[in-house]
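Comments concern the structure below.
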Amino acid sequence: MRKVFYGIGIFMVLCLLTLGSYGTYKLSDMRLRLIDMEKELEEQRSVQTDNVQSQIEADTQCTIEEYDKNSGELRQRTKVTSANLLGMNREELTDFLEKSQTPYYTYSLVAFSPEHVVIRQTRTLYETYYLTEEDGKVQVYEGDKETLYEPTEILVDQLPDQLQEEIRAGKYLDSEEDLYSFLENYSS
């Protein structure tokens, strides 16, 4: 009979130890799940806060880097952000810059923070020409408006009125074909 009581006692102790270890396992598992849920909640709060804080504001400084591929020159000018960029986050600004691309300029985002944004404007092509009036005659400059491409003897006063206004304001021609077409049509 003693053997039966010892057997039942050992069985009960083993059952209690098993239940205790299983209970401890379940408690630690619940703690780990709670910790994971807290981390996930904190990450969600952080993402929401980052989205709000990572927007361009009225006092955000905006640096425009003007890069010329042909000469390798890089000029920078910093100013307060323009009104059309206010409230944009990094992704929205990147999309805006992609939509602003032209055959002559590409735009890329170099740096982004709520305090300072750096945008690079890269000059890609110089096949544009700029017509302007000097001493009553049409002068042809390259698209940079600084390099004289070809002086002409075409008198501005002898051109159609609309064309005179455009040239006095500065008229761009988008290709060498357009330039030679103009010169062919209006040269004497």
Side-chain angles (χ1 to χ4, degrees), residues 49-188:
T49 304
D50 287 348
N51 285 341
V52 171
Q53 292 177 349
S54 296
Q55 293 179 341
I56 298 174
E57 299 172 2
D59 60 344
T60 301
Q61 293 292 311
C62 185
T63 298
I64 306 294
E65 295 180 345
E66 296 173 344
Y67 178 68
D68 186 332
K69 277 187 174 180
N70 293 340
S71 68
E73 181 182 344
L74 179 68
R75 293 183 296 180
Q76 292 185 347
R77 47 190 174 98
T78 301
K79 60 180 185 168
V80 175
T81 304
S82 63
N84 62 336
L85 301 180
L86 291 178
M88 287 187 183
N89 61 28
R90 176 187 279 279
E91 186 177 311
E92 292 169 336
L93 181 57
T94 302
D95 290 343
F96 175 77
L97 293 175
E98 283 180 24
K99 291 176 185 171
S100 300
Q101 309 289 344
T102 69
Y104 309 105
Y105 290 102
T106 59
Y107 300 93
S108 58
L109 184 60
V110 177
F112 183 93
S113 75
E115 296 81 30
H116 193 208
V117 173
V118 180
I119 298 170
R120 180 169 293 160
Q121 172 187 347
T122 304
R123 174 74 177 179
T124 54
L125 295 174
Y126 276 101
E127 293 184 14
T128 58
Y129 299 94
Y130 183 74
L131 305 180
T132 189
E133 177 184 21
E134 289 179 10
D135 299 325
K137 297 178 183 175
V138 175
Q139 300 302 315
V140 180
Y141 285 86
E142 290 183 10
D144 63 1
K145 296 184 184 180
E146 296 174 7
T147 308
L148 183 63
Y149 181 76
E150 185 175 327
T152 72
E153 295 299 317
I154 301 171
L155 298 173
V156 175
D157 291 340
Q158 295 180 351
L159 298 172
D161 292 338
Q162 176 67 29
L163 190 54
Q164 286 181 32
E165 289 176 30
E166 290 175 1
I167 290 175
R168 287 186 176 124
K171 178 176 178 62
Y172 273 103
L173 297 175
D174 291 331
S175 68
E176 199 170 33
E177 288 176 13
D178 291 344
L179 173 63
Y180 286 112
S181 175
F182 170 82
L183 292 174
E184 196 173 276
N185 287 330
Y186 296 107
S187 294
S188 3

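Residue numbers start at 1 and run along the sequence shown.
- Distance alone, capped at 3.5 Å, is enough to place a donor-acceptor pair between the Thr152 side chain and the Val138 backbone.
- A distance of 10.0 Å separates OG1 in Thr94 from CE in Met88, rounded to the nearest 0.5 Å.
- Around the CD atom of Glu91, the shell of radius 6.0 Å holds no more than 12 heavy atoms that belong to other residues, nucleotides or ligands.
- For the atom pair OG of Ser181 and CD of Glu176, the computed distance is 12.5 Å after rounding to the nearest 0.5 Å.
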Item to check | Trace of the side chain to side chain contact (heavy atoms under 4.5 Å, CB included) decision for Phe96 with Ile119 | outcome: CA-CA 11 Å; Phe96 175 77; Ile119 298 170; over 6 Å; no
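- Rounding to the nearest 0.5 Å gives a distance of 11.0 Å between CD of Glu65 and CD of Gln121.
- Side chains of Leu155 and Lys137 form a contact here, defined as non-hydrogen atoms less than 4.5 Å apart.
- The shortest heavy-atom contact between Pro114 and Thr60 is O-OG1, 2.6 Å.
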Next on the checklist: Let's go through Glu115 and Gln61 carefully: what are the C-alpha distance in whole Å and the side-chain angles of both, what is the deciding distance for side chain to side chain contact (heavy atoms under 4.5 Å, CB included) to 0.1 Å, and is it a yes or a no?
Outcome noted: CA-CA 6 Å; Glu115 296 81 30; Gln61 293 292 311; over 6 Å; no
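- Here the side chain of Glu165 pairs no donor or acceptor atom with the backbone of Gln162 at under 3.5 angstrom.
- Considering every non-hydrogen atom in both Val117 and Ser113, the closest pair reads CG2-O, 3.8 Å.
- Within the model, atoms CD1 of Ile154 and CG of Asn185 stand 9.5 Å from one another, a figure rounded to the nearest 0.5 Å.
- Taking all atoms of both residues into account, the shortest heavy-atom contact from Thr106 to Gln101 is CA-OE1, 2.6 Å.
- Taking the centre of each ring, Tyr130 and Tyr172 come in below the 6.0 Å mark.
- Considering NZ of Lys171 and CG of Leu163, their distance stands at 6.0 Å, rounded to 0.5 Å.
- When all heavy atoms of Leu97 and Ser108 are compared, the closest pair comes out as CD1-C, 3.9 Å.
- One distance of note links CD1 of Ile56 with NE2 of His116; it measures 11.0 Å at 0.5 Å rounding.
- Here the closest non-hydrogen pair linking Gln164 and Val156 is CG-O, 3.0 Å.
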